[in-house]
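Heads up, the thing below is written out as structure tokens.
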Amino acid sequence: ETEAQLFINTLFAAYNAAGGFNGKTVALKHYDDGGVATQAVTLMEKLVHEDEVFAIVGNFGSYAVDVNLETLKEEAVPMIYAAAGNNTLFNENATSDADRAIFPVQPLNQTEGRMLILRAFAPLTAGGLGATKVGVVSNSNEASASLLAGIKAEAANLPEAQRNNIVYQEVVTTDYSGAINALQAAGCDTVILTVIGADFTTALTTMANANYYCKALTSYNNASAAVF
């Protein structure tokens with residue numbers, strides 16, 4: 001039993017002991033898809049059609065969300081939380097019951113991008129970084145592109161002075177030196193690295209090698225000891 005399963009089962013036990021839902025008890029049904037998309041489809045079909053679950057709590061991995069989201073909507077099975085930032089979960093104007101029953105608690109990439117640029121310019125007293133000029137590094141990776149889209153969407157709402165002090169650098173190779181040198185030369189005191197995993201490590205190392213020490217922000221996608 002994983003830590004998450006133990007936690008949920010403990011909560012369910014207390015809930016059931018208090019009478020459950022109108023006298024009905026709640027149980028956790030769990031399968032391991034092994035990180036394989038085809039297996040995620042098979043097991044979700046089993047949960048929905050054979051086990052007849054009334055809701056999905058946690059849908060782990062972008063691969064699983066991509067292949068199962070439409071099934072959940074079609075079958076009107078609510079989903080609470082997805083361990084993924086897929087833009088397919090982004091639906092500010094949901095109107096149908098099926099769309100409104102999808103609750104993505106974890107920040108979506110596009111939403112996180114909006115928060116990153118706001119935090120960069122927010123004053124230190126408000127928990128921000130107090131940036132005066134922000135550099136943004138991106139590449140063609142789906143997550144990076146989504147984070148960048150969020151940054152640009154929110155930048156449109158910023159005061160003109162702040163909008164004019166954002167410098168964008170898109171990297172099309174694995175060499176980040178040109179982008180980093182451009183941001184350093186532009187005098188960016190804060191850099192948002194939307195690139196993920198090994199690309200983030202490369203970008204950060206390139207900054208260190210260039211003696212470019214400034215405030216930096218990145219996505220929760222990079223919240224890994226291995227990445228750092």
Side-chain angles (χ1 to χ4, degrees), residues 35 37 61-63 65-66 83-90 92 104 106-228:
S62 297
Y63 68 93
V65 169
D66 281 338
N86 306 47
N87 271 346
T88 52
L89 292 168
F90 186 76
E92 284 185 308
Q106 183 165 309
L108 306 183
N109 292 326
Q110 189 168 328
T111 305
E112 189 187 21
R114 299 174 76 159
M115 292 190 291
L116 286 172
I117 193 65
L118 287 172
R119 187 179 180 195
F121 280 119
L124 295 172
T125 53
L129 298 187
T132 57
K133 196 164 190 176
V134 178
V136 179
V137 179
S138 64
N139 61 16
S140 60
N141 175 273
E142 180 184 358
S144 178
S146 297
L147 287 160
L148 178 63
I151 290 171
K152 289 186 174 181
E154 194 58 46
N157 301 321
L158 293 174
E160 184 178 1
Q162 291 182 337
R163 286 201 309 272
N164 293 337
N165 277 298
I166 303 175
V167 181
Y168 297 99
Q169 288 290 314
E170 183 175 4
V171 178
V172 296
T173 67
T174 56
D175 183 359
Y176 285 79
S177 58
I180 297 304
N181 290 338
L183 297 184
Q184 189 174 23
C188 296
D189 55 63
T190 302
V191 171
I192 299 176
L193 297 169
T194 70
V195 292
I196 305 301
D199 290 304
F200 168 76
T201 304
T202 300
L204 204 60
T205 302
T206 302
M207 291 178 70
N209 290 340
N211 293 316
Y212 184 18
Y213 299 107
C214 66
K215 300 168 186 175
L217 283 170
T218 192
S219 167
Y220 76 89
N221 286 291
N222 290 320
S224 160
V227 171
F228 276 91

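The analysis underlying the following values was restricted to heavy atoms, covering all of them including side chains, and did not include hydrogens, waters or symmetry mates.
In terms of modelled atom types and a separation under 3.5 Å, the side chain of Asp189 and the main chain of Thr132 share a donor-acceptor contact. Using modelled atom types, one side-chain atom of Asn86 and one backbone atom of Ser62 make a donor-acceptor pair closer than 3.5 Å. A donor-acceptor pair under 3.5 Å is absent between the side-chain atoms of Lys215 and the main chain of Ala131, judged by distance alone. For Glu154 (side chain) and Ile117 (main-chain N/O), no donor-acceptor pair under 3.5 Å exists by modelled atom type. Under a 3.5 Å cut-off, the side chain of Thr206 and the backbone N or O of Thr202 do form a donor-acceptor pair. No donor-acceptor pair closer than 3.5 Å links the side chain of Thr190 to the backbone N or O of Ala216.
A distance of 11.5 Å separates CD1 of Ile196 from OG of Ser224, quoted to the nearest 0.5 Å. One finds the CD1 atom of Ile166 at 5.5 Å from the CG atom of Leu158 (value rounded to the nearest 0.5 Å). Once rounded to the nearest 0.5 Å, the distance linking CE of Met115 with OG1 of Thr111 reads 6.5 Å. Here the CG-CZ distance, from Asn157 to Arg114, works out to 6.5 Å after rounding to the nearest 0.5 Å. The CD1 atom of Ile151 sits 10.0 Å away from atom CG of Leu118, with the distance rounded to the nearest 0.5 Å.
Between Leu89 and Ala84, the closest heavy-atom pair is CD1-O, 4.2 Å. Met207 approaches Cys214 most closely through the heavy-atom pair CE-SG, 3.6 Å. When all heavy atoms of Ala155 and Tyr168 are compared, the closest pair comes out as CB-OH, 3.9 Å. Between Pro104 and Leu108 the shortest heavy-atom distance is CB-CD2, 3.9 Å. What you find for Ala210 and Asn181 is that their closest heavy atoms are CB-OD1, 4.3 Å. Closest approach of Val195 to Ala203, counting heavy atoms only: CG2-CB, 4.2 Å.
Between Thr194 and the choices Ser219, Ser146, Ser144, the side-chain hydrogen bond (donor to acceptor under 3.5 Å, both in side chains) rule is met once, by Ser144. Each of Thr218, Val134, Leu147, Val136 was checked for a side chain to side chain contact (heavy atoms under 4.5 Å, CB included) with Leu116, and the lone residue meeting it is Leu147. Among the candidates Leu204, Leu217, Asn222, the single residue satisfying the side chain to side chain contact (heavy atoms under 4.5 Å, CB included) test with Leu193 is Leu204.
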- Task: Determine, stepwise, if the pair Asp199 / Tyr176 fulfils side-chain hydrogen bond (donor to acceptor under 3.5 Å, both in side chains).
- Result: CA-CA 9 Å; Asp199 290 304; Tyr176 285 79; 3.2 Å; yes
- Query: Thr88 and Asp66: side-chain contact (heavy atoms from CB on, under 4.5 Å), yes or no, with the steps?
  - Reply: CA-CA 8 Å; Thr88 52; Asp66 281 338; 4.1 Å; yes
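For the pair Asn211/Tyr213, a side-chain contact is recorded, criterion being any heavy-atom separation below 4.5 Å from C-beta on. Two residues are said to be in side-chain contact when any heavy atoms from C-beta on lie closer than 4.5 Å; Phe200 and Asn221 fail this criterion.
By the neighbour-count criterion of 12 heavy atoms within 6.0 Å, atom CD of Glu170 is densely surrounded, having more than that number from other residues, nucleotides or ligands.
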